[in-house]
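The structure under discussion appears below in the form of structure tokens.
Numbers for residues simply follow the sequence, beginning at 1.
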Amino acid sequence: MMLGIINLQGLTRDLSLYLENQVRVGLFGSGVGLSLVLGFGAAYAWYYLSVIAKKPQLVVGGEGLCNFLKHHCPAVTETYYPTLWCWEGRAQTLLRPFITVKPLVHYNNELIKTADGGQISLDWFNNDDNTLYPDASNRPTILLLPGLTGTSRESYILHMIKHSEALGYRCVVFNNRGVSGEELLTPRTYCAANTEDLEAVIYHVHNMYPEAPLMAAGVSMGGMLLLNYLGKTGRQTPLKGAAVFSAGWEVFESAITLEKPINWMMFNYYLTTCLQASIVRHRHVLEKQFDIDHILRAKSIREFDTRFTSVMFGYPTNDHYYKDASPCHRVKSVEIPVLCLNAMDDVFSPGHAIPVETARQNPNVALVLTAYGGHIGFLEGIWPRKQTYMDKIFKQFVQAIFEHGNEINSM
């Protein structure tokens, strides 16, 4: 409570000083106008600090993981202060790609072959110049999984790499088939339910550096894919831990929310056109098995999945695919430490569909739920250019697992 009062006083004082410097009384005709502005500013500050800025809800099934996070990842129990002028979920989702900087990262690209004759593009950031882990053979490594149409060039991926670079870690980005400029060799792309490509990549990375501790972090659909993989494999994985951000937990509920008129106009239709653009780019390969023109007439992600994704992966109906793709059904089977960050106002993953009760029954899973933050938003600060709350959680968690992970069972 005292911290809130101090913050309120500081924010009101700063706002007053700013207005006194920037707003001339003459604009209002008298000092009354300035007083009204100051009063409104103080009222807004009070509303922000009492309603908007909140500590996240931490849901953990096991006391060991809970204590571990509180000790080594303090951000999970600290108040999240969304950007003062941009705290609503849709606004955060839309603005993040334009506000946050894109750090310069130099990759080494690798194409690996798959069992069906396809290929997967991996972008490596080896971090060979770091002094913390100069031996490449045991350098901690993080596998990064972008979202639905994302690649290694997404700003959230670049930020994760920069934070990992400072810690001395190596990163490798798993680009889904056909999205990062490489040729599609077979009529198969990707989906949230089929984990075969992810399994191949994990074991490829592990076999290259068998002595290096390995983690994974997935964002949006990348997080869904990672959770589905962990639910299938249990402890039979070389991963030491995983972080998941803005995953869609229940695909039916996500589809319903995204099909509401305002969300369809702002997000759904645009993402559908992005998916269709990839189909057009690889038309010469895909048209052998699919009616491309029919796919290109889809007006929503659900229609696209009905006409293409579910058919490609052999599901009887799209409903069967959506059920299989929903990670909420596999939370109970996760057997390594996993931290999942979601905002309750995320239109891609509605708060009511987050499996809170199931997570409470698994000692390996931690949910960090913020009231605001949108989808891969989590902007904070007056001008959130460099670091988001998501970045902070990522950095603290991966460092905690790599450097103190053996403490979980003893806490």
Side-chain angles (χ1 to χ4, degrees), residues 105 107-112 114 119-128 130 133 136-148 150-154 156-165 167-177 179-180 182 190 192 194-247 327 334-341 376 390-391 393-395 397-402 405:
V105 173
Y107 291 115
N108 294 319
N109 182 256
E110 178 188 17
L111 294 175
I112 65 171
T114 61
Q119 63 181 359
I120 301 170
S121 174
L122 302 180
D123 283 318
W124 290 84
F125 176 76
N126 290 305
N127 205 8
D128 288 328
N130 90 89
Y133 295 95
S137 67
N138 60 17
R139 184 177 304 148
T141 303
I142 307 173
L143 176 64
L144 302 176
L145 288 71
L148 179 63
T151 70
S152 59
R153 297 298 172 184
E154 304 303 320
Y156 55 82
I157 293 292
L158 298 174
H159 280 240
M160 289 180 180
I161 289 176
K162 281 300 179 181
H163 286 298
S164 301
E165 179 184 21
L167 296 170
Y169 304 156
R170 171 174 45 226
C171 292
V172 54
V173 185
F174 166 37
N175 299 293
N176 286 305
R177 295 196 200 193
V179 301
S180 63
E182 80 282 6
Y190 58 93
N194 189 291
T195 61
E196 292 173 359
D197 283 359
L198 177 56
E199 292 174 31
V201 169
I202 288 174
Y203 281 100
H204 172 76
V205 173
H206 178 62
N207 289 335
M208 286 186 68
Y209 300 101
E211 301 303 317
L214 179 63
M215 289 186 65
V219 180
S220 190
M221 196 209 78
M224 297 167 63
L225 183 64
L226 181 55
L227 285 168
N228 284 327
Y229 161 79
L230 294 173
K232 292 176 182 178
T233 59
R235 287 202 176 276
Q236 303 304 311
T237 174
L239 298 178
K240 303 299 182 186
V244 172
F245 304 100
S246 295
V334 173
E335 295 190 38
I336 65 169
V338 177
L339 183 148
C340 306
L341 174 65
I376 328 175
M390 183 176 107
D391 296 330
I393 294 288
F394 167 80
K395 184 177 182 180
F397 183 67
V398 296
Q399 184 177 22
I401 293 295
F402 279 142

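Pairing each heavy atom of Glu196 with each of Asn194, the nearest pair is N-OD1, 3.1 Å. The heavy-atom pair separating Arg177 from Glu182 by the smallest distance is C-OE2, 3.5 Å. Pro146 and Phe174 get closest at one heavy-atom pair: CD-O, 3.2 Å. Minimum heavy-atom separation, Ala242 to Phe397: O-CE2, 3.2 Å. The two atoms that bring Ser220 and Ile376 nearest to each other are CB-CD1, 4.0 Å, heavy atoms only. Scanning all heavy atoms of the two residues, the minimum distance from Leu230 to Leu239 falls at CD2-CD1, 4.1 Å.
In this structure the side chain of Cys171 never reaches within 4.5 angstrom of the side chain of Asn127, judged on heavy atoms. Using a 4.5 Å heavy-atom cutoff, the side chains of Asn228 and Pro327 are in contact. Residues Asp197 and Thr114 are in side-chain contact: their nearest non-hydrogen atoms beyond the backbone lie under 4.5 Å apart. At a threshold of 4.5 Å between non-hydrogen side-chain atoms, the residues Asp123 and Thr151 do not count as touching.
Residue Lys240 places its NZ atom among 12 or fewer non-hydrogen atoms of other residues, nucleotides or ligands, all under 6.0 Å distant.
Tyr190 places a side-chain N or O within 3.5 Å of a backbone atom of Leu148 that can act as its donor or acceptor partner.
Going from atom CZ of Arg139 over to atom CG of Asp128 covers 5.0 Å, rounded to the nearest 0.5 Å. Within the model, atoms CG of Leu226 and CG of Leu145 stand 6.0 Å from one another, a figure rounded to the nearest 0.5 Å. Between the NE2 atom in His206 and the CD atom in Glu211 there is a gap of 8.5 Å [rounded to 0.5 Å]. A distance of 9.5 Å separates NZ in Lys232 from CG in Leu198, rounded to the nearest 0.5 Å. To the nearest 0.5 Å, the span separating NE2 on His163 from CE on Met390 amounts to 9.5 Å. A distance of 10.5 Å separates OG of Ser164 from CD of Gln399, quoted to the nearest 0.5 Å.
For the side-chain hydrogen bond (donor to acceptor under 3.5 Å, both in side chains) test with Arg170, the passing option among Asn130, Asn126, Thr141 is Thr141; the others fail.
Ring pair Phe402/Tyr169 is perpendicular by interplanar angle, where above 60° counts as perpendicular and below 30° as parallel.
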For this session: Apply side chain to side chain contact (heavy atoms under 4.5 Å, CB included) to the pair His204 and Leu122, showing each step before the final yes or no.
Result: CA-CA 11 Å; His204 172 76; Leu122 302 180; 3.8 Å; yes

Problem set entry | Test log, rule side chain to side chain contact (heavy atoms under 4.5 Å, CB included), inputs Ser180 and Asn109 | CA-CA 11 Å; Ser180 63; Asn109 182 256; 5.6 Å; no

For this session: Could you please spell out the steps behind the side chain to side chain contact (heavy atoms under 4.5 Å, CB included) verdict for Ile142 and Met160?
Result: CA-CA 10 Å; Ile142 307 173; Met160 289 180 180; over 6 Å; no

For this session: For side chain to side chain contact (heavy atoms under 4.5 Å, CB included), just list the numbers for Lys162 and Glu165, CA-CA rounded to whole Å, side-chain angles, deciding distance to a tenth of an Å, and then say yes or no.
Result: CA-CA 5 Å; Lys162 281 300 179 181; Glu165 179 184 21; 3.1 Å; yes

